[in-house]
Amino acid sequence: MSRHSLIELEAVLAIVRCGSFRAAAVELGLSTTAISNAVGKLERELSVRLFNRTTRSVSLTHAGRIFVAQIRPALESIQKAMNTARSQQETPSGTLRINAFATAAREIMAPLVLAYLQRYPRVHIDIVTEGRLVDVVAAGFDLGVRSADLVPSDAIAIPLGPARRMAVVAAPGFFEGRAVPQVPQELLAYPCLRIRLPNRALFRWCFAKADEDLQLDVEGPLTLDEASLARIAVTNGAGIGYFMEADVREDIAAGRLVRILDDWTPPLAPLCVYYPSRRNPSAAFRAFIELAREAAAGRLEQP
């Protein structure tokens, strides 16, 4: 260890875990250049190439595979020792990394994250939002936030509130001279904002009432993959939108949007904070879990 730092070894494992220098840089909170320089320095000191690099892919060399197999247990032991030391803290500090859907992150920001930071100002929270499901342990996160039906079966989950709903909305002036749809099928005659999923597929608007379930491929002038963009378009009269209720609740209350087909959007699974079972959690982690349980029980005062 005398000639290289721990971060250089962590960089190697992060690249293997994430599959690219760029993704490893995001995970470690460094620039891609810093990651590349760290690996390059280590390779020069070892006088061996650890990775095969092309413009499209990165893979371990034979020497790299042997090196990773030998250093991984040692680094895991070091990380375990560091976590044990952190668990002895009385005052929460350090960094918590959270992975969440963008909509989920928006829902927990004020009632949980900001309340936590106000109570524990020495903690830094790093939130990564992405549409794909990830293994929070393998990706280096402390916690995940997903709807209850997407939480891994072996994780510990804390429901954060009541069931959520979708909302079908439009600008008040949109229906001037138009009949308001009474059943979902009538949406096919109206311009709607289409939703593109992270896997590039188009999302089907889902509805349910009594024993009837529907999925619609709507048509319209815009296809978007971000709810904040869709909200701008809908409030400006571009068409009918399909949102998580939490994303447009204030607009509906203020009269900027009107809701339709309310009886066709039943409750969805609630949001959950989830995490793997772990020994010697840090004080910051324990405090976040305690606050999440307060929020779940409705005992948390808002900032």
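If you chain together hydrophobic residues whose side chains sit under 4.5 Å apart, I66 and I71 never meet in one group. When the side chains of ILVMFWY residues are joined at heavy-atom separations under 4.5 Å, either directly or via intervening members, L50 and F21 end up in a single hydrophobic cluster. No path of Ile, Leu, Val, Met, Phe, Trp and Tyr side chains, each step under 4.5 Å between heavy atoms, connects L150 with V145, placing them in separate hydrophobic clusters. Linking Ile, Leu, Val, Met, Phe, Trp and Tyr residues whenever their side-chain heavy atoms come within less than 4.5 Å leaves I232 and V248 in two separate clusters. Under a hydrophobic clustering in which Ile, Leu, Val, Met, Phe, Trp and Tyr are joined whenever their side-chain heavy atoms come within less than 4.5 Å, directly or via other members, L202 and L193 fall into different clusters.
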Check against side-chain contact (heavy atoms from CB on, under 4.5 Å), I15 and V39: CA-CA 10 Å; I15 294 166; V39 172; 3.5 Å; yes
Worked verdict on I127 versus V113 for side-chain contact (heavy atoms from CB on, under 4.5 Å): CA-CA 10 Å; I127 298 178; V113 174; 4.0 Å; yes
Worked verdict on V12 versus V68 for side-chain contact (heavy atoms from CB on, under 4.5 Å): CA-CA 8 Å; V12 171; V68 166; 3.8 Å; yes
Candidate pair T33 and N37, rule side-chain contact (heavy atoms from CB on, under 4.5 Å), full reasoning: CA-CA 6 Å; T33 299; N37 289 341; 3.5 Å; yes
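Considering all non-hydrogen atoms of both residues, A238 and P191 come closest at O-CB, 4.3 Å. When all heavy atoms are compared, the tightest approach of L75 to E10 is CD1-N, 4.1 Å. In terms of heavy atoms, P92 sits closest to A284 at CB-CA, 3.7 Å. Nearest heavy atoms, V137 versus P276: CG2-CG, 3.4 Å. Between P266 and A208, the shortest heavy-atom distance links the atoms CD-O, 3.5 Å. Here the closest heavy-atom approach between residue V48 and residue A63 is recorded as CG2-CB, 3.5 Å.
Between Y275 and F285, the ring center distance clears the sub-6.0 Å criterion.
Side-chain contact between L187 and I240: present, with at least one pair of heavy atoms (C-beta onward) separated by less than 4.5 Å. With a 4.5 Å cut-off on side-chain heavy atoms, I195 and D225 do not count as touching. Side-chain contact check for L30 versus I7: some heavy-atom pair is nearer than 4.5 Å. Looking at V169 and F243, their side chains come closer than 4.5 Å, going by heavy atoms from C-beta outward. By the 4.5 Å heavy-atom criterion applied to side chains, S59 and F51 are not counted as neighbours. The shortest distance between side-chain heavy atoms of R165 and L268 does not fall below 4.5 Å. Contact of the F141 side chain with the L96 side chain is not registered, since no non-hydrogen atoms from C-beta on lie closer than 4.5 Å. Counting only heavy atoms from C-beta outward, the side chains of N99 and R146 approach each other to under 4.5 Å.
Only one option out of L222, V234, L224 pairs with L229 in a side chain to side chain contact (heavy atoms under 4.5 Å, CB included); it is L224.
With salt bridges taken as basic N to acidic carboxylate O contacts below 4.0 Å, none links D142 and R97. Between R196 and E226, no side-chain nitrogen of the basic residue sits less than 4.0 Å from a carboxylate oxygen of the acidic one, so the salt-bridge criterion is not met. Taking the charged nitrogens against the carboxylate oxygens, R53 and E43 do have a contact shorter than 4.0 Å, which makes a salt bridge. R256 has no carboxylate O lying under 4.0 Å from a charged side-chain N of E250, or vice versa, which leaves the two without a salt bridge. Look at K41 and E8 and you find a salt bridge, because one of the NZ, NE, NH1 or NH2 atoms lies within 4.0 Å of a carboxylate O, short of that distance.
The backbone N or O of A269 sits less than 3.5 Å from a side-chain atom of R164, completing a donor-acceptor pair. E186 places a side-chain N or O within 3.5 Å of a backbone atom of Q182 that can act as its donor or acceptor partner. Proximity of a side-chain donor or acceptor of T235 to a complementary backbone N or O of R231 within less than 3.5 Å is detected. Side-chain N or O atoms of S57 include none that pairs as donor or acceptor with a backbone N or O of T54 at under 3.5 Å. Using a distance-only test at 3.5 Å, with no hydrogens or angles considered, no donor-acceptor pair links the side chain of S147 to the main chain of P270.
The SG atom of C272 sits 11.5 Å away from atom CD1 of I108, with the distance rounded to the nearest 0.5 Å. To the nearest 0.5 Å, the span separating CG on L60 from CG on N52 amounts to 8.5 Å.
Residues passing the side chain to side chain contact (heavy atoms under 4.5 Å, CB included) test with T103 are F101, R106, M244, D247, sequence neighbours excluded. Annotation: ring-ring contact (aromatic ring centres under 6.0 Å, His included) contacts of F203 (sequence neighbours excluded): Y242. Not counting sequence neighbours, the partners of V218 by the side chain to side chain contact (heavy atoms under 4.5 Å, CB included) test are C192, R194, W205, L216. Residues meeting the ring-ring contact (aromatic ring centres under 6.0 Å, His included) test with Y120, sequence neighbours left out: Y116. Shown here are the salt bridge (charged side-chain N to carboxylate O under 4.0 Å, His left out) partners of D135, two or more places apart in sequence or in another chain: there are none.
Residue-environment remark: CZ (R259) exceeds the threshold of 12 foreign heavy atoms within 6.0 Å. Within a 6.0 Å radius of CZ in R204, other residues, nucleotides and ligands contribute 12 heavy atoms or fewer.
For residues 154-181, no residue pair satisfies the ring pair (Phe, Tyr, Trp, His ring centres under 6.0 Å) rule, not counting sequence neighbours.
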